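Below is one structure; the comments refer to it alone.
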Amino acid sequence: MPAETRQTLHKTFQLFDLSSLSISSVGPIFSVAAAGSAMVHAAGAEVPLAIVLIAIPFILCSWIFLSLNQHFPNAGASYHWSRRIMGIDYSNFQAWIVIMAYFWSIPPILIPAAQFTLGALGVHHPGVWLQIVAATFWALFAAGVLLFGARITARVTQIFLLIEIVSVALMAIVGYSHWGPAAAGAGSFSLSHIHWAGVIVCMVVAATIVDGWEIDSYASEESRRPRITPGWGGLIGAVSVVLYYLLIWPLLLHQVPLDQLQNTSDTLSLWAATVSPQLLPWMRMAIIASTAGGLWLTTFILSRALFAMSRDGVMPKWLGRLNRGHVPYWSVILPILLAMAVVLMQVFFPDMRDLFNLVLSAAGFFLVAEFLLDGINMMRFLLLQHRSVRHHFKAHHHAGLLLGSLVVIISLSAVEVLFFIYGPEYIAAGIDQTVGVFLLLGIFYVLWLRWRKTEQRTYVFDEVKLQEISNMGPALLKE
């Protein structure tokens, strides 16, 4: 087999697979269970409003991802697009943003995964070592799902997603069949009394529960139709999870008192225990399934981004090495090991816990920043480069997409600026300085790459050329 085909990702995914990955990567059940309390604390009964407001630019972003995938399919997705459109330095900064966004999203999944699992087993106050054992189990399980190859990843994800879908359906049936007068202390929404500062902070938190659908863009080189299906899976995923939330949140806010929602670590189990206790075991199983899926799929995104960066010389070459299943194994193993290290430091060094909580809370900022930079990429591409790009489509125009990019840039820029204003009050004191330090480190990272003077390149994925090389393989081996 030629070296070129040995070092390429295996084409496995179809639209159904990509849609499944995009929905499951968001982890809607886990997201509501784990982040629901923080969202209610910030916005109260206005949580659905915050979700709708942040969902608008995110759904527009899924449209942007669809178009950029059609022009530049690549495992690096956002990082690669900025490389093609904006240049190397800008792309290297976006590489830093992508790494910060996805890596710091992994540790906050591991500990809840352990706690939810132990809680379902009847261990409600686990010791430190028991939590570490459970977190290690899920870390190893996630690594195994990914290292066995894309096909296994898709099938296991679909099984876990089915549990989520059934749980949402059951929750809707039971919840709306029990709909009646609002619970005592439940929230009430009024357009004339919107607490905008809380809504804005809730939008940043909500960014962490409406992202993940973009995984199909990072899986584009593993798609059987790289210029067609990636992007559509993300669009389906983005719309689906927003509908999930608009189905679930009215039940929580109507049937459970706000003060209870604000002071629980698991809003969905609280709802089940309040409304339908017989549904509680199933809800706990669904939360575990959702948490586990979010863990390995977040790692999937980061692993493909690191793989693409290694090909371009931005990251060490060994991060791009593939195993027999055509999986970049070091790009999978390293983030999981580092995430476990963060978890261990949180557990064994209580004095550092507040610092780590600040860093982990910053993940939402960097996720929003990634999509903001993609909006800028799209606008520049449409205004300056679109007509000159060689692609496989007839001449076409994107006036609507240009307008959508403008909306994304304006709205997400406003969210990021307001995050600095309201974040210290509603999230944690020092969150603005923490984000500022990481942004400064990103600039130093770009300067270091320039100073290092190691050859950087831009790998262009060409599925036609790769197919020709693959077809030539047997003949080359005979020679």
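FYI, the numbering just counts along the sequence from 1. What you see is a predicted model; the values in this text were computed from it and never measured.
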Step-by-step side-chain hydrogen bond (donor to acceptor under 3.5 Å, both in side chains) determination, Gln115 to Asp266: CA-CA 10 Å; Gln115 293 172 340; Asp266 180 355; over 6 Å; no

Worked check of side-chain contact (heavy atoms from CB on, under 4.5 Å) between Trp232 and Asn69: CA-CA 10 Å; Trp232 282 111; Asn69 266 306; over 6 Å; no

Derivation of the salt bridge (Lys or Arg N to Asp or Glu O under 4.0 Å) call for Glu222 and Arg304: CA-CA 10 Å; Glu222 294 161 272; Arg304 271 40 178 190; 2.8 Å; yes

Under 3.5 Å donor-acceptor, Ser220 side chain and Ser217 backbone: yes

Tyr79 six-ring centre to Arg83 NZ/CZ under 6.0 Å and within 45° of normal: no

Pair Phe141 and Trp138, ring centroids less than 6.0 Å apart: yes

Main-chain N/O of Ile23 paired with Ser240 side-chain donor or acceptor, under 3.5 Å: no

Geometric class of the Trp213/Phe65 ring pair [parallel <30°, tilted 30-60°, perpendicular >60°]: perpendicular

Side-chain heavy atoms of Val342 within contact of Phe103, under 4.5 Å: yes

Full working for side-chain contact (heavy atoms from CB on, under 4.5 Å) between Leu372 and Val408: CA-CA 7 Å; Leu372 169 60; Val408 167; 5.6 Å; no

CG-OH distance between Leu247 and Tyr244, expressed to the nearest 0.5 angstrom: 9.5 Å

Centroid separation Trp81 to Phe72 less than 6.0 Å: no

Side chains of Thr229 and Gln14 in contact at under 4.5 Å (non-hydrogen atoms): no

Within 45° cone and under 6.0 Å: Arg450 NZ/CZ vs Trp448 ring: no

Exam field: side chain Thr298 to backbone Leu295, donor-acceptor pair closer than 3.5 Å: no

Whether over 12 other heavy atoms sit under 6.0 Å from Trp330 CH2: no

Minimum-distance pair of heavy atoms, taken over all atoms of Ala135 and Ala114: N-CB, 3.5 Å

Heavy-atom check, side chain of Val210 versus side chain of Val26, under 4.5 Å: no

Note, His80 side chain near Thr458 side chain (heavy atom, < 4.5 Å): yes

Backbone N/O of Gln70 and side chain of Arg227: donor-acceptor pair under 3.5 Å: yes

Mutual orientation of the aromatic rings belonging to Phe30 and Phe116 [parallel < 30°, tilted 30-60°, perpendicular > 60°]: perpendicular

Nearest-0.5 Å distance, CG of residue Leu306 to CD1 of residue Ile99: 5.5 Å

Atom of Ile106, atom of Ala339 and distance for their closest heavy-atom approach: CG2-CB, 3.5 Å

Minimum-distance pair of heavy atoms, taken over all atoms of Ala219 and Leu18: CB-CD2, 3.9 Å

Phe137 atom CZ, neighbour heavy-atom count above 12 within 6.0 Å: yes

Distance in Å, Ile215 CD1 paired with Ser25 OG, rounded so as to fall on 0.5 Å steps: 4.5 Å

4.5 Å side-chain heavy-atom contact, Leu246 and Val52: yes

Flag, side chain of Tyr90 to backbone of Ile85, donor-acceptor distance under 3.5 Å: no

Residue pair Met309, Asn92: steps toward the side-chain contact (heavy atoms from CB on, under 4.5 Å) verdict: CA-CA 9 Å; Met309 294 172 195; Asn92 290 343; over 6 Å; no

Check: Phe160 ring centroid to Trp296 ring centroid under 6.0 Å: yes

Closest approach of Gly149 to Val327 (non-hydrogen atoms, all atoms of both residues): CA-CG2, 3.6 Å

Under 3.5 Å side-chain donor-acceptor pair for Thr157 and Ser24: no

N/O donor-acceptor pair under 3.5 Å between Ser303 side chain and Phe300 backbone: yes

Tyr459 six-ring centre to Arg311 NZ/CZ under 6.0 Å and within 45° of normal: yes

Worked check of side-chain contact (heavy atoms from CB on, under 4.5 Å) between Leu412 and Ile54: CA-CA 8 Å; Leu412 295 187; Ile54 196 66; 4.2 Å; yes

Enclosure of Phe420 CZ (heavy-atom neighbours >12, cutoff 6.0 Å): yes

Approximate separation, where rounding is to 0.5 Å, of Leu279 CG and Ser269 OG: 9.5 Å

Heavy atoms from other residues, nucleotides or ligands near OH of Tyr422 exceed 12 (cutoff 6.0 Å): no

Salt bridge (charged side-chain N to carboxylate O under 4.0 Å, His left out) partner of Asp17, chosen from Arg225, Lys11, Arg155: Arg155

His71 side-chain N/O to Ser67 backbone N/O, donor-acceptor pair under 3.5 Å: yes

Val314 vs Tyr445 side-chain heavy atoms within contact, under 4.5 Å: yes

Atom pair SG/CD of Cys61 and Glu214 - distance to nearest 0.5 Å: 9.0 Å

Aromatic centroids of Phe438 and Phe365 separated by under 6.0 Å: no

Interatomic distance, Leu66 atom CG to Ile236 atom CD1 [nearest 0.5 angstrom]: 10.0 Å

Heavy-atom donor-acceptor pair, Ser105 side chain to Ala101 backbone, under 3.5 Å: yes

Greater than 12 external heavy atoms within 6.0 Å of Arg452's CZ: yes

Any donor-acceptor N/O pair, Ser22 side chain to Gly237 backbone, under 3.5 Å: no

Leu21 vs Phe13 side-chain heavy atoms within contact, under 4.5 Å: yes

Contact summary for Ala75 and Tyr218, nearest pair of heavy atoms: O-CD2, 3.3 Å

Smallest separation among heavy atoms of Val332 and Pro335, with atom names: O-CD, 3.4 Å

Distance-only side-chain donor-acceptor flag, Glu164 / Ser290, under 3.5 Å: yes

Passing candidate, side chain to side chain donor-acceptor pair (under 3.5 Å) with Asp374, options Ser82, Ser78, Ser405: Ser78

Heavy-atom side-chain proximity of Leu338 to Leu334 below 4.5 angstrom: yes

Test item: side-chain donor near acceptor, Glu370 and Tyr102, under 3.5 Å: yes

